[in-house]
*Asks:* 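What follows is a single structure, and I will ask about it in a moment.
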Amino acid sequence: MDPKKQVAFLSRGAAELLTPSELEAKLHKGKPLRVKAGFDPTIADLHLGHTVVMQKLKQFEELGHQVIFLIGDATARVGDPSGQSKTRPTLSAKEIEQNAKTYLDQAFKILDKKKTEVRRNSEWFKKMNAMEIVDLAGHYNVARMLEREDFKKRYTEGGQVTIQEFIYPLMQGYDSVVLKADVELGGSDQKFNLAVARDIQRAHAQDPEVILTMPLLVGTDGVKKMSKSYGNYIGITEPPKEIFGKLMALSDEMMWHYYELLTDEDLSAAKKMHPKEAKIALAKAIVTRYHSAKEAEAAAEEFEKVFGQKGKPGEIEEKVLSRKAPLGSLVQVIVQTGLVPSKSEARRLIEQGGVTVDDQKIQDIHAQITTTSDHLIKVGKRRFLRVRFE
RNA sequence: GGAGGGGUACUCAAGCGGCCAACGAGGUCAGACUGUAAAUCUGAUGGCUUAUGCCUUCGAAGGUUCAAAUCCUUCCCCCUCCA
């Protein structure tokens with residue numbers, strides 16, 4: 001592909017490309033670019049938000065560039081201050097190692113294992129001695145460090161900023177020096193770190209890398225960035241049904257955001273579809289990626305059955321209760337079976353018409369389960385349970 | 001080290017002796033409407049054998065009072081200013 005087209009293709013969905021002309025110039029040299037993206041294995045569960053950058057890496061890979069998947073096992077111990085309002089706690093080496101493994105497993109669901117260069121920055125940081133660190137620190141100054149929004153804010157508001165956090169961007173920049181990166185990708189919250197990397201490279205007489213940042217994926221609430229702590233995430237290890245359901249619950253507007261950042265689909269074609277169809281296609285694509293096409297198909301069918309036709313799911317969890325135990329009130333039964341955490345909650349749901357027994361809506365909180373035959377209990381829209389007595 | 005401000009339910013945030021299981025907003029859950037959407041509307045939102053009832057909750061522990069989230073004492077934590 002000619003450089004101009006590549007630039008256009010690669011900027012799709014990107015938050016910022018610094019700069020297009022630099023990228024084009026690098027492409028004109030005709031050699032595969034070294035494209036770096038670092039991931040600090042700080043958490044155990046990855047969610048879709050983490051895959052946005054990987055998705056972009058894949059595009060570089062498809063164009064024949066050398067993708068470097070950098071595991072920040074050294075930087076993970078420092079903790080990236082990006083977007084943090086507090087100094088974050090450090091992790092143990094063991095946790096980091098475990099997380100790194102998960103990251104790789106997930107990364108290769110998107111990237112080609114054979115074509116990707118996997119590195120760890122402990123390779124060089126382990127060997128670095130104090131003098132070298134001091135030397136590295138000499139390449140940057142405090143005033144510029146404090147330009148950074150999250151530092152400035154914390155600093156002026158009397159919060160804590162540790163020197164360790166100052167080191168972080170320097171380390172990330174040094175990674176680029178070692179890896180001789182031509183391009184670096186990151187989330188848009190990484191912009192500062194990436195900019196520092198350019199300076200560090202210059203200080204080491206290297207051509208500064210081109211920076212390509214990706215927008216942060218907005219969570220399922222449609223407001224905040226996807227993050228585990230906000231509870232608005234879709235984990236990529238979640239069961240197919242869950243992933244499918246959560247994607248379907250997105251608003252139409254959000255769906256396009258997901259399309260753009262998580263797939264390579266032709267947006268204009270997708271927009272011509274009926275929104276529901278488009279959403280199903282999106283959900284299938286994502287489930288296929290992290291599970292399989294078969295499971296995606298099954299999840300779609302199930303979904304249509306339960307919600308589209310108000311039917312019952314193919315598989316309903318079953319709970320066996322003792323026949324000897326006195327048959328209690330409905331309230332008791334749904335708490336016992338764990339459908340609902342407390343009796344007050346159960347009564348509330350019943351009063352509000354959210355509980356169905358054998359397709360009959362029950363609104364009397366004193367209702368009793370009188371027969372020991374099987375009963376199908378439905379709570380809310382998606383909680384189904386079959387109760388059997390033995 | 002000195003002076004002041006503050007810690008309330010999932011979150012933010014009122015309340016500052018009884019009318020407080022605790023205003024309000026957000027979130028969440030349920031119902032209606034739909035494309036399981038979103039938006040909107042309605043309701044609920046500590047627990048308990050639903051009871052104009054009881055129990056637990058307002059940083060922690062004590063105390064005053066018929067009665068405390070509200071007053072007092074000690075302790076812990078956070079913030080602001082000064083040094």
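This structure is a prediction, so every number in the text was calculated from the model and none was measured. So that the names make sense, note that chain A is the first sequence line, chain B the second, and so on, each numbered from 1.
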*Asks:* Salt bridge (charged side-chain N to carboxylate O under 4.0 Å, His left out) between A:K26 and A:E24: does it pass, once the steps are laid out?
*Replies:* CA-CA 5 Å; A:K26 284 186 189 242; A:E24 202 180 318; over 6 Å; no
*Asks:* Need to verify one output field. Residue with the more 5' nearest nucleotide on RNA chain B, A:E351 or A:E304?
*Replies:*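 Result: A:E304.
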*Asks:* With P as the reference atom in both, quote the distance from B:A68 to B:A61 in angstrom, rounded to an integer.
*Replies:*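 Each nucleotide's P atom is 15 Å from the other's.
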*Asks:* Testing A:D264, A:T51, A:T116 one by one against A:K58 for a side-chain hydrogen bond (donor to acceptor under 3.5 Å, both in side chains), which residue passes?
*Replies:*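 That would be A:D264; it is the only one of A:D264, A:T51, A:T116 passing the side-chain hydrogen bond (donor to acceptor under 3.5 Å, both in side chains) with A:K58.
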*Asks:* Across all strands shown, which nucleotide pairs with B:A68 by Watson-Crick or G-U wobble geometry, both distances under 3.5 Å?
*Replies:*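 Check on B:A68: unpaired, no WC or wobble geometry under 3.5 Å.
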*Asks:* Start at the 5' end of RNA chain B and walk down; is the nucleotide closest to A:S344 or to A:R382 reached first?
*Replies:*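 Nearest nucleotide further toward 5': that of A:R382.
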*Asks:* Nearest whole Å is fine: how far is B:G47 P from A:R347 CZ?
*Replies:*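 Checked: the CZ to P distance equals 10 Å.
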*Asks:* Can you tell me the distance, in whole Å, between the CG atom of A:D221 and the P atom of B:C29?
*Replies:*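 These atoms are roughly 12 Å apart.
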*Asks:* Looking at A:R386 and A:E317, is any side-chain nitrogen of the basic one under 4.0 Å from a carboxylate oxygen of the acidic one?
*Replies:*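 A:R386 and A:E317: not salt-bridged.
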*Asks:* Please lay out, stage by stage, how A:K284 and A:E295 fare under the test salt bridge (charged side-chain N to carboxylate O under 4.0 Å, His left out).
*Replies:* CA-CA 9 Å; A:K284 273 191 194 170; A:E295 284 168 291; over 6 Å; no
*Asks:* For A:G222, which contact category applies under a 4.0 Å heavy-atom criterion: base, sugar-phosphate, or nothing?
*Replies:*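 It contacts nothing in the nucleic acid.
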*Asks:* A:E345 CD to B:U50 P: how many Å, rounded?
*Replies:*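 Going from A:E345 (CD) to B:U50 (P), I get 17 Å.
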*Asks:* Quote, to the nearest angstrom, the C1' distance that separates B:G35 from B:U40.
*Replies:*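 B:G35 and B:U40 have their C1' atoms separated by 16 Å.
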*Asks:* Between B:G7 and B:G59, how far apart are the P atoms? Round to whole Å, please.
*Replies:*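 Those two atoms are separated by 7 Å.
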*Asks:* Evaluate the side-chain proximity of A:L282 to A:M255: yes if any heavy-atom separation is below 4.5 Å, no if none is.
*Replies:*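 Counting from C-beta outward, A:M255 and A:L282 do come under 4.5 Å.
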*Asks:* In terms of side-chain heavy atoms of A:S342, which of B:G47, B:G35, B:U49 is nearest?
*Replies:*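 Looking only at heavy atoms from C-beta outward on A:S342, the closest nucleotide is B:G47.
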*Asks:* Using the C1' atom as the reference point in each nucleotide, state the distance between B:U28 and B:C10 in Å, no decimals.
*Replies:*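 Taking atom C1' in both B:U28 and B:C10, they lie 8 Å apart.
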*Asks:* Reckon A:R348 has a side-chain N or O less than 4.0 Å from the OP1 or OP2 of B:G31?
*Replies:*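 Answer no for this pair, as no side-chain N or O of A:R348 is under 4.0 Å from OP1 or OP2.
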*Asks:* Expressed in angstrom and rounded to an integer, what is the separation of A:Q336 atom CD from B:U49 atom P?
*Replies:*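 Going from CD in A:Q336 over to P in B:U49 covers 12 Å.
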*Asks:* Within this structure, what is the NZ-to-P distance between A:K279 and B:G35, rounded to whole angstrom?
*Replies:*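 For the pair A:K279 NZ and B:G35 P, the rounded distance is 12 Å.
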*Asks:* So, is the end of the A:K246 side chain (NZ or CZ) under 6.0 Å from the ring centre of A:Y233 and within 45° of the ring's axis?
*Replies:*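 Flagged: A:K246 positioned over aromatic ring of A:Y233.
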*Asks:* Mind checking if A:I365 touches a base, just sugar-phosphate, or nothing, with heavy atoms under 4.0 Å?
*Replies:*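 Base contact.
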*Asks:* Distance check, P atoms only: B:G4 and B:U74, in whole angstrom units.
*Replies:*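 So the two P atoms sit 14 Å from each other.
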*Asks:* State the pairing partner of B:C41; accept Watson-Crick or G-U wobble contacts with both distances under 3.5 Å, and report none otherwise.
*Replies:*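 Per the H-bond distance test, B:G31.
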*Asks:* Distance between the P atoms of B:U8 and B:A14, in whole angstroms?
*Replies:*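 These two P atoms come out 11 Å apart once rounded.
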*Asks:* Between B:C76 and B:C66, how far is it from one P atom to the other, in whole Å?
*Replies:*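 Rounded to whole Å, the distance is 32 Å.
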*Asks:* Would A:S344 and A:S342 count as having a side-chain donor-acceptor pair, cut-off 3.5 Å?
*Replies:*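 A:S344 vs A:S342: no donor-acceptor pair found between side chains.
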*Asks:* So which of residues 250-265 of chain A are in contact with RNA chain B, with a heavy-atom cut-off of under 4.0 Å?
*Replies:*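 Here the set is A:L250, A:S251, A:D252.
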*Asks:* Does B:U80 have a Watson-Crick or wobble mate here (both distances under 3.5 Å), and if so which one?
*Replies:*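 The answer is B:A3, by the H-bond criterion.
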*Asks:* If you measure from the C1' atom in B:A21 to the same atom in B:U57, how many Å do you get, rounded?
*Replies:*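 Those two atoms are separated by 8 Å.
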*Asks:* Check the distance between B:G31's P and A:R383's CZ and give it to me in whole angstrom.
*Replies:*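 Checked: the CZ to P distance equals 9 Å.
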*Asks:* My understanding is that a pair needs two contacts under 3.5 Å, Watson-Crick or G-U wobble. By that rule, which nucleotide pairs with B:A14?
*Replies:*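 Answer to the pairing question: none, since B:A14 forms no Watson-Crick or G-U pair.
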*Asks:* Rounded to whole Å, please give me the gap between CG in A:L349 and P in B:C29.
*Replies:*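 Taking atom P of B:C29 as the reference, CG of A:L349 is at 11 Å.
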*Asks:* Whole angstroms only, please: what is the CG-P distance between A:L330 and B:U50?
*Replies:*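 Answer to the nearest Å: 13 Å.
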*Asks:* Does the side chain of A:L212 come within less than 4.5 Å of A:K56's, by heavy atoms?
*Replies:*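 In short, these two side chains touch, coming nearer than 4.5 Å.
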*Asks:* For A:K381 and B:A30, is the shortest distance between a side-chain N/O and OP1 or OP2 below 4.0 Å?
*Replies:*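 Indeed not, no polar side-chain atom of A:K381 lies that close.
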*Asks:* Could you point out which residue of A:Q206, A:E209, A:E22 forms a side-chain hydrogen bond (donor to acceptor under 3.5 Å, both in side chains) with A:R198?
*Replies:*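 Of all the options given, the one that passes is A:E22.
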